[in-house]
Amino acid sequence: MKEALLLYINAFTYCSFLLALCYTLYIANKDKLQKDNQIPVLFIFAILVFYIGTFPYKGLGGDRELYAQGFLQATEWKANRDVLFMAYNYFCRKIMGLDLWLSLTGFLYVLGIYQLSRKKCKVESTALFVGYITFLFFSAYAVNTMRAGLAASLLLYALVWRDSNKPIYFSLLFCATQIHSSMWLPVLALVLSLYYKNTKVYFYFWLLCIPLSYFAGSYFQQLAQPLVTDFTQLNIKGYLIEKDKMYKSGFRFDFIIYSLIPALLAYYYIYKKKVKDSFYTNIINTYLIANGIWILVIRANFSDRFGYLSWIFIPLLLLYPVLNYKLWPKQQQKIGGIILLQALFTFFINIR
């Protein structure tokens, strides 16, 4: 089983890198940026759903197996604070089997990302879609931490309605929190930064969080314990307090550097290239809030799961401005370069 799991993971890693390479060559050789053909994108969509739906779940001991067991046991309604996910399992259990449920969950996960890409990019929406596919945590949240991935996908889809229909926007944000209550952090950050828009203040907050965490991280970790929602059915203490021999915890400079790169590029877009876009301002401000709070509890076990609540915006931060504004000559080559660099990073981190 472990060999099969490794085969699936490596196959996806190689294929996503190959996709990024091919797309980079394709877009770099275009004469101009334009609306793209959706047929190849829908083909990629179908392959992703097939991959997620057929990914092994038996004998892995991870979140995927727990969610599979939870679905099979959802024959009766049980009180659950993540009521929408419980309802999803309960009603799906009545009309479908486990394999179809896994595929449907994969379909919904990819659908939210696809709709965000198609609706929020004036040109070359495929670039943002590929950017999310090659994102470091795309596969993990598709096939392992599935509930958080489903909630994050719904949150990203909600962004489609941010400027056109506020009632739908806020309703979808709330629904995301009812699938996985950890989504309250990015949702509240989105709402706060929607009304207070001073990006420099958020940058200062983010920078301040680094020394505060380094010198007083244990204090913030204890402070957050009763406030932060658990990321699985396990007690929150397993993430914030207890040690795990298989997981590298502590003050993670590598994660901070990973978080710094999109923040620096966003700073460049806003203050050097003068990108003035209320949507993008909302996203970078949300990212800085959520990422700063994660930095305060960075010593927690599995802190990448806390970090994901901000990292889900990274492809948007990297690519949204260059897909909606003319910033450079031969911009299509820069877009390809951003995607390829992200894919290279993901490849070297994930390959086994």
Side-chain angles (χ1 to χ4, degrees), residues 1-2 4-10 12-13 48-49 51-74 78 80-90 92-93 97-110 112-113 135-156 176-186 228-249 255 294 300-312 349-350 352:
M1 179 58 68
K2 289 184 177 179
L5 175 62
L6 194 62
L7 178 63
Y8 268 77
I9 294 172
N10 284 344
F12 181 82
T13 301
L48 289 172
V49 173
Y51 165 77
I52 297 169
T54 59
F55 195 91
Y57 61 87
K58 292 182 179 178
L60 301 181
D63 291 9
R64 185 174 180 84
E65 186 171 2
L66 291 175
Y67 287 131
Q69 292 172 359
F71 170 77
L72 294 174
Q73 295 168 5
K78 296 179 181 179
N80 191 302
R81 67 183 167 196
D82 297 318
V83 63
L84 195 56
F85 187 71
M86 180 63 215
Y88 171 66
N89 281 354
Y90 177 73
C92 285
R93 185 70 180 89
L98 177 58
D99 291 337
L100 183 56
W101 178 80
L102 290 170
S103 295
L104 176 62
T105 304
F107 171 81
L108 294 173
Y109 174 71
V110 180
I113 295 169
F135 168 53
L136 180 60
F137 296 97
F138 176 87
S139 180
Y141 280 80
V143 300
N144 187 38
T145 46
M146 300 161 47
R147 182 162 62 98
L150 186 62
S153 179
L154 182 59
L155 184 149
L156 292 175
T177 68
Q178 300 308 296
I179 294 175
H180 202 294
S181 48
S182 66
M183 291 298 136
W184 277 113
L185 176 57
V228 182
T229 311
D230 57 323
F231 286 83
T232 67
Q233 304 300 327
L234 304 175
N235 192 296
I236 184 62
K237 292 181 180 178
Y239 286 112
L240 289 176
I241 304 300
E242 294 175 4
K243 299 293 182 182
D244 189 310
K245 294 180 180 179
M246 299 300 292
Y247 189 83
K248 180 184 176 183
S249 59
F255 279 169
W294 159 73
N301 269 5
F302 304 97
S303 66
D304 56 325
R305 299 193 181 193
F306 293 84
Y308 179 75
L309 300 175
S310 57
W311 293 334
I312 55 175
I349 293 296
N350 283 346
R352 294 164 170 81

Next on the checklist: For Y88, run the side-chain contact (heavy atoms from CB on, under 4.5 Å) check against D82, L104, V83 and tell me which one passes.
Outcome noted: L104
Next on the checklist: Between Y51 and S139, does the side chain to side chain donor-acceptor pair (under 3.5 Å) criterion hold? Intermediate values first, please.
Outcome noted: CA-CA 10 Å; Y51 165 77; S139 180; 3.2 Å; yes
Checklist entry - Quick one: NZ on K58 to CD on E65, what's the gap to the nearest 0.5 Å? => result 9.5 Å
Checklist entry - Would you say L136 and N350 make side-chain contact, with heavy atoms under 4.5 Å? => result yes
Checklist entry - What's the spacing between C92 SG and L98 CG if we round to 0.5 Å? => result 11.5 Å
Next on the checklist: Evaluate L309 against W294 for side chain to side chain contact (heavy atoms under 4.5 Å, CB included), listing each step before the verdict.
Outcome noted: CA-CA 8 Å; L309 300 175; W294 159 73; over 6 Å; no
Next on the checklist: Does either side chain, that of Y141 or that of S153, offer a donor lying less than 3.5 Å from an acceptor on the other one?
Outcome noted: no
Checklist entry - When the ring planes of Y308 and F137 are compared, do they come out parallel, tilted or perpendicular, using 30° and 60° as the limits? => result perpendicular
Item to check | I113 CD1 to L154 CG distance, which is reported to the nearest 0.5 Å | outcome: 11.5 Å
Checklist outcome for this item: Interatomic distance, CD@Q73 vs NZ@K78, rounded to 0.5 Å, equals 6.0 Å
Next on the checklist: Before we go on, tell me: are the rings of W311 and F255 under 6.0 Å apart, centre to centre?
Outcome noted: yes
Item to check | Plane angle bin for F71 and W101 - parallel if under 30°, tilted between 30 and 60°, otherwise perpendicular | outcome: parallel
Checklist outcome for this item: CG (L66) and OG1 (T145) are apart, to the nearest 0.5 Å, by 12.0 Å
Checklist entry - Cationic tip of R64 within the cone over F55's six-membered ring, i.e. under 6.0 Å and within 45° of the normal? => result no
Checklist entry - Okay, side chain of R93, backbone of L72: is any donor-acceptor separation there less than 3.5 Å? => result yes
